[in-house]
Amino acid sequence: RLRGRDYFVGVWRDISAEKVSQMALTNESEWRRALIENSRDGIAIFDDNHQAIEVNARFAELLGYAPKEAVGLHTWDIEADLTESDIRCRFADPLAVNATFETRHQRKDGSVYDAEVSVRGARIGGRAVFISLTRDISDRKAQQRALQEREEIYSAIVNQTTEGIVLIDAATRRFIEFNDAACQDLGYTREDFAQLTLESIQGVWEADRVAAQTHALIERGGGVFEVAHRTKTGEIRLSRLLEVVDLV
């Protein structure tokens, strides 16, 4: 009020830079949220009491929960292999944690799946938290188990046969893999045989011939030929039939 009249007093300043900065932060936040929500990995933030305080949709989906249901879960609620005491012992201090490991997670319906988990500690808003990335590796683990089973079957078959079978490195001429019959037939233990080369059991000239003939047969897709082998005692055994198979 001035001289009996009412006035508005206006004070202004240029906030263009502040608005640009705010928009940049908002855009950055939206970009990060979009990346998190569309990640193929489950992403969750746990507080220092191992309770989920933020999760993305994928994390909840992996466990069969709605995102709002997943918030509030403790890590031991979803762990199938680790107990609460295990988790508290292994992950006591969030800021000291930096680990990647394989485990199993339990879904809401009680079923389990193989998971690869990466956990890092961080400080957000002044509080120490755990940030975890979870990936479903059930298919990979199933393939590994199937491959291991096949390898065990093949190994059993190869080691039970009476014919010597070897896998030879073409460059070094060393025996990379071999069955018991291959080394025992020549009087060697497995440990001794693993140190030998073609020259050791055939001599330099014979080994060169075998290598040359082997390469020639590989070019034609495989075949057989006869070679002479020297036993550990120096005895020469003739007419050893060598079958060449190209593994490429």
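Here the structure is a predicted model, which is why all the values come from computation and not from measurement.
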Give me the atom names and distance for the closest heavy-atom approach of [X] to [Y].
X: Leu62; Y: Thr134; value: CD1-O, 3.8 Å
X: Arg58; Y: Arg40; value: NE-O, 3.2 Å
X: Ala57; Y: Pro67; value: CA-CG, 4.4 Å
X: Ala182; Y: Val166; value: CB-CG1, 3.7 Å
X: Gln195; Y: Arg174; value: O-NH1, 2.7 Å

With side-chain contact (heavy atoms from CB on, under 4.5 Å) as the test, pick out the partner of Arg145 among Glu149, Gln143, Lys141.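 Running side-chain contact (heavy atoms from CB on, under 4.5 Å) over Glu149, Gln143, Lys141 with Arg145 returns exactly one hit, Lys141.
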Between Phe175 and Phe193, what is the ring plane arrangement, given parallel below 30°, perpendicular above 60°, and tilted in between?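 The rings of Phe175 and Phe193 lie parallel, inter-plane angle below 30°.
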Does the plane of the ring in Phe130 sit parallel, tilted or perpendicular to the ring in Phe91? Use 30° and 60° as the thresholds.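 Perpendicular, since the angle between the ring planes exceeds 60°.
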Could you check whether any side-chain N or O of [X] sits under 3.5 Å from a backbone N or O of [Y], counting only pairs where one atom can act as donor and the other as acceptor?
X: Arg123; Y: Val129; answer: no
X: Gln106; Y: Val112; answer: no
X: Asn56; Y: Asp41; answer: yes
X: Arg173; Y: Ile168; answer: no
X: Asp136; Y: Ser138; answer: yes
X: Asn179; Y: Glu163; answer: yes
X: Arg190; Y: Phe178; answer: yes

Would you indicate whether the side-chain heavy atoms of Ile43 and Phe59 approach each other to under 4.5 Å?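 No; the side chains remain at least 4.5 Å from each other.
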Student check: side-chain heavy atoms of Ile87 and His74 closer than 4.5 Å: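 A side-chain contact under 4.5 Å is absent here.
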Crowded around Glu177 CD? As in, over 12 foreign heavy atoms under 6.0 Å?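 No, not enclosed.
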Can you pull out every salt bridge (Lys or Arg N to Asp or Glu O under 4.0 Å) where at least one residue sits in residues 2-14? Sequence neighbours excluded, please.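 Pairs touching residues 2-14 that pass the test: Arg1-Asp6, Arg13-Glu18.
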State the CG-OG1 distance between Asn98 and Thr100, to the nearest 0.5 angstrom.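 Here the interatomic distance stands at 7.0 Å.
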Measuring from Asp180:CG to Asp185:CG, what's the distance to the nearest 0.5 Å?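 Between Asp180 CG and Asp185 CG, I get 12.0 Å after rounding to 0.5 Å.
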